[in-house]
Amino acid sequence: MGARDQHDRSAVFQMDAVDLSSDIVEPISTYRGENPNSVRLAYVADVPVNWCPELGTVLANEEVVDGKSEIGGFPVVRRPMRQWMLRITAYAERLIKELDDLDWPEGIKLLQRNWIGRSEGAEVEFMLDKEQKIHVFTTRPDTLYGATYMVLAPEHPLIERFVTEEQWPAVREYRERAARKSDLERTELAKEKTGVFTGAYAANPVNNEKIPIWIADYVLLGYGTGAIMGVPAHDERDLEFARKFKLSILPVVQAEGKTSEESIGFIGDGVAINSPVINGLPTQPAKKKIIAWLEEHNHGKSAISYKLRDWLFSRQRYWGEPLPIVWENHKYRALDERELPIVPPPLDDYKPTGTGEPPLAKAKEWVRYSGNALRETNTMPQWAGSCWYYLRFCDPQNDERFVGEEAERYWMGGPKPGGVDLYVGGTEHAVLHLLYARFWHKVLFDLGHLSKPEPFQRLVNQGIILGEDNQKMSKSRGNIVNPDDVIDQYGADAFRCYEMFMGPLEQMKPWSMRGVEGVARFLARVWRLFMNENQAGEWVLSAKLKDVDPDKAEQKIMHATIKKVTEDIESFSFNTAISQMMIFVNAFTNAETIPVSAMRTFLILLNPFAPHLTSELWEKLNTGFKAVRGDITEQKWPVYDEALLAEDEIEIPVQVNGKFQGVLNISVAATKEEIINAAEKLPKVKQRITDGYIKVLVVQNKVVNFVTK
RNA sequence: GCCGAUGUGGCGAAAUGGCAGACGCAACGGACUUAAAAUCCGUUGGGCUUUUAAAGGCCCGUGCCGGUUCGAGUCCGGCCAUCGGCACCA
């Protein structure tokens, strides 16, 4: 994939040139320029944040679901606060592109792509007067001639500069009302479009026509430039807005087989009309041509916009890593590496204050760093640790670096772009942990600390386990299953095996205590295969265990089990692996003698599923029979012999017209003619082919099918 | 609204296009036991039907409708339902 080119470290923190916000990102410790907040990877911003009064902290966009906190479901309101941000948007392009070479479920890749939300289009300048211009972002520059008005987000900073005096009261009132609305009200509840005319006009760059400028809360400050051109003929939202406020509507894209008038409301690709520069061109070339025209006339350029916002990285809670920052004369600086790690001081009360002031602010002595410097009291969110713990796991004792270079190369190296070979986690992390960790990993990679640009090569999503009532487990529903209780009652092996036996790993499935019991019974049967209770009530090695060779049938089932378990582990089909081991145990349950060699093989197969039970039985065998060197976990994984699985005689289903009529037991060596002859004689078949048949199909070792009509 | 996933017995689920329901749970019957628990053995998709019975026979059945095929739970097209994600993103 030309990894070096795509992940060129010389471009450290250089952003895509067409991005709409700032151009360069630099780590806080190296930047020496004038306005650090505009370029730094970590920066401070006064932004409207998601404030959750109940949790007493702000939350990232990813942590807010339907206007409520992801944790606890408490209401979240917009509130301006001074906060630390991480410039994840600088990585938007790479976070999308570099998903391609990861072995992740397509669904998760899609969730991330949608969350990052890349859109290609153009940035266009509308002249307000001779000096001032308003930038809009559009994915449909080919509809520029159809722009009959403009809308700015109510919070847009330019508004105050041009709003007319007579419109000012209405505009101010609208802005105040918009500010009070929660996100929930602004979207879900506001089905009806609202807006206010500013009294001002701007010139459409393609034809110099004056179009009215409105403000409306259906335009979001945080996306694109916070301003749009209204093209009511070819955008559903704009059309609704224009109809409500009686703004003019001009069709500029003609749909195939429709008149220009009928094309109003058409949002697909068509042919440009009423657009001198691009008339007659289909949508795609029209876009290209109009962008070229805009660039040539200095009215705009091609641009890419992302839905992804920068990551709000501070929290007003005690339990999080403190930010290694001090404030001097209203300026911040990073603490020296030698001062790390920062250990938070003990407090009398660790609960959030509820006012937005972080709990650490209460530790007055700790906060006073020096005569003129105060410590930052915000802490990092829970995600900070999960962004790099897997790196620390490579080298947990290292007290020089977060991970030693050699250890990092050993564990995280390899030919693929991702470091961790296999990562198992739930879908709930799709746009949280899995996005954040990729971002940090790329930053560390760019700084030269890591050998791979991606953290997790292969991702498998395990399904969540529901309560016994088939509902999501939650305290309020009272359907929580506590693993500790289950382990107390049935043991860790049974708990572990049951989770694997429940069904396919990726599927969500309900818990069942009966099911746990069933698996516990299976493990008890395994135990009794090896151990019997004597008169005194002590467990001793079963007298049936003999140091003999397994017979042919026993060998066959043993090798079938090795094959199935081995293959199923590879494909994460743990449930069917356990089924096969149950079949194996059932086959030996009433045996007169039990060959020790087969049992040893079986224990090795079962060991990854039930480690405690199998190690104990392994050692018990060593006391009664010739001891095998090494712990059970050190044994070689068994290998099956295909030859021992081969049958002399096979069963072949016989059909007439595709319907099953009986089964034929016949030697594998039988010829096609022999098979047909024998099949014809099966009573039910004979009955059905009395009038003969027009053809007969024999699929080797699979099926015989007579076709009669 | 858009995107994605999933639909198979009473339940969790199996099934390279070739005997649907392996394995487990639950239920029922039996053995063991003074009794119970535990354990072991057996039956168990639905409907109709033959026979004194033991045992058979026929039909239907993998969300619904259609298609491909000798043959479809599996492949293709359309629909329905449930769950998850996004949701004024210009």
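Here is the naming used below: chain letters follow the sequence lines, and residue numbers restart at 1 for every chain. The figures here come from the full heavy-atom set of this structure, side chains too, leaving out hydrogens, waters and symmetry mates.
Using a 4.0 Å heavy-atom cutoff across all strands shown, A:Asp238 reaches no nucleic acid atom at all. When heavy atoms are screened at a 4.0 angstrom cut-off, A:Gly117 is found touching no nucleic acid atom at all. As judged by a 4.0 angstrom heavy-atom cut-off over every strand, A:Met508 is placed among residues touching the sugar-phosphate backbone only. Using a 4.0 Å heavy-atom criterion, one finds that A:Ser119 contacts the sugar-phosphate atoms exclusively. Counting non-hydrogen atoms under 4.0 angstrom, A:Gln507 reaches the backbone sugars and phosphates but no base. Residue-level contact check: A:Arg309 touches the bases, meaning some heavy atom is under 4.0 Å from a base atom. Among the heavy atoms of the strands lying under 4.0 Å from A:Lys684 are primed sugar atoms or P, OP1, OP2 only; no base atom is included. Among the protein residues, A:Leu697 comes within range of the nucleic acid bases, having at least one heavy atom under 4.0 Å from a base atom.
Atom C1' of nucleotide B:rA72 and atom CD of A:Gln655 are separated by 11 Å, given to the nearest angstrom. Rounded to whole angstrom, the span from the CZ atom of A:Arg528 across to the P atom of B:rU39 amounts to 6 Å. Atom CD in A:Glu155 sits about 14 Å away from atom C1' in B:rC88, given to the nearest Å. As rounded to whole Å, 13 Å separates atom C1' of B:rU82 from atom CG of A:Leu466. In this structure, CG of A:Asp469 is placed 14 Å from C1' of B:rC11, rounded to the nearest angstrom. The NZ atom of A:Lys659 sits 15 Å away from the P atom of B:rC19 (whole-angstrom rounding). Atom NZ of A:Lys564 and atom P of B:rA14 are 10 Å apart (whole Å). B:rU39 atom C1' lies 14 Å from atom CG of A:Leu529, rounded to whole Å.
Among the nucleotides B:rG24, B:rC40, B:rA22, the one closest to the side chain of A:Thr589 is B:rC40. Checked against B:rC23, B:rC88, B:rC19, the side chain of A:Phe660 finds its nearest nucleotide in B:rC19. Checked against B:rC58, B:rC23, B:rA15, the side chain of A:Thr576 finds its nearest nucleotide in B:rA15. Which of B:rC88, B:rA22, B:rG24 sits closest to the side chain of A:Lys193 comes down to B:rC88. Closest approach to the A:Asn705 side chain among B:rC86, B:rG18, B:rC23 is made by B:rG18 (side chain taken as heavy atoms from C-beta onward). Closest approach to the A:Leu220 side chain among B:rC3, B:rA90, B:rA13 is made by B:rA90 (side chain taken as heavy atoms from C-beta onward).
The pair A:Asp238-A:Arg243 does not count as a salt bridge, with every side-chain nitrogen at least 4.0 angstrom from each carboxylate oxygen. We find that A:Arg118 and A:Glu93 are joined by a salt bridge, their nearest charged nitrogen and carboxylate oxygen being less than 4.0 Å apart. Here A:Lys287 does not pair with A:Glu120 in a salt bridge; the nearest charged N to carboxylate O distance is not below 4.0 Å. Between A:Arg528 and A:Glu533 there is no salt bridge, since none of the side-chain N atoms of the basic residue sits less than 4.0 Å from a carboxylate O of the acidic one.
The phosphate of B:rG10 has neither OP1 nor OP2 within less than 4.0 Å of any side-chain N or O from A:Arg514. An OP1 or OP2 oxygen of B:rC41 is reached within less than 4.0 angstrom by a side-chain nitrogen or oxygen of A:Asn590. Listed pair A:Asn461 / B:rG84 fails the phosphate criterion, with no side-chain N or O lying under 4.0 Å from OP1 or OP2. Within the structure, a side-chain polar atom (N or O) of A:Arg521 is placed less than 4.0 Å from OP1 or OP2 of B:rA26. The phosphate of B:rG24 (OP1 or OP2) has no side-chain N or O of A:Asn575 nearer than 4.0 angstrom.
For the pair A:Thr690 (side chain) and A:Lys686 (backbone), a donor-acceptor distance under 3.5 Å is absent.
Pairing for B:rA72 is absent, judged as Watson-Crick or G-U wobble with the two contacts each under 3.5 Å. Using N1 to N3 plus N6-O4 or O6-N4 for Watson-Crick, or N1-O2 and O6-N3 for G-U wobble, each under 3.5 Å, B:rC11 pairs with B:rG24. Across all strands shown, the partner of B:rC40 is B:rG30, judged by Watson-Crick or G-U wobble contacts whose two distances both fall under 3.5 Å. With a cut-off of 3.5 Å on both pairing distances, the Watson-Crick or G-U wobble partner of B:rA5 is B:rU82. Across all strands shown, B:rA55 pairs with B:rU50; the Watson-Crick or G-U wobble distances both stay below 3.5 Å.
Spacing between B:rU62 and B:rG67 at atom P, rounded to whole Å, works out to 16 Å. Remark: the separation of the C1' atoms in B:rC75 and B:rA81 is 23 Å, to the nearest Å. Between B:rG66 and B:rC83, the distance separating the two P atoms is 28 Å to the nearest Å. Here, B:rG63 and B:rC80 have their C1' atoms 8 Å apart, quoted to the whole Å. Only the C1' atoms considered, B:rC60 is 16 Å distant from B:rG73, to the nearest whole Å. Between B:rC11 and B:rU44, the two C1' atoms lie 14 Å apart (nearest whole Å). Straight-line distance between the C1' atoms of B:rA37 and B:rG45: roughly 32 Å, to the nearest whole Å. Nucleotides B:rC19 and B:rU74 are separated by 14 Å at their P atoms, to the nearest Å.
Contact detail for A:Val219 and A:Val151: the closest heavy-atom pair is CG2-CG1, 3.5 Å.
The side-chain hydrogen bond (donor to acceptor under 3.5 Å, both in side chains) test with A:Trp383 is passed by exactly one of A:His429, A:Glu63, A:Glu62: A:Glu63. When each of A:Val516, A:Leu466, A:Val486 is paired with A:Val481, the side-chain contact (heavy atoms from CB on, under 4.5 Å) condition holds for A:Val486 and for no other.
In B:rG57 the O4'-C1'-N dihedral to the base is more than 90° from 0, which defines an anti nucleotide.
For A:Lys509 and A:Val699, each mapped to the nucleotide of RNA chain B holding its nearest heavy atom, the one lying further toward the 5' end belongs to A:Lys509. Along RNA chain B, the nucleotide nearest to A:Tyr223 and the one nearest to A:Pro510 differ in position, and the one closer to the 5' end is contacted by A:Pro510.
Using a 30° and 60° split on the angle between ring planes, A:Phe572 and A:Phe574 fall in the perpendicular class, above 60°.
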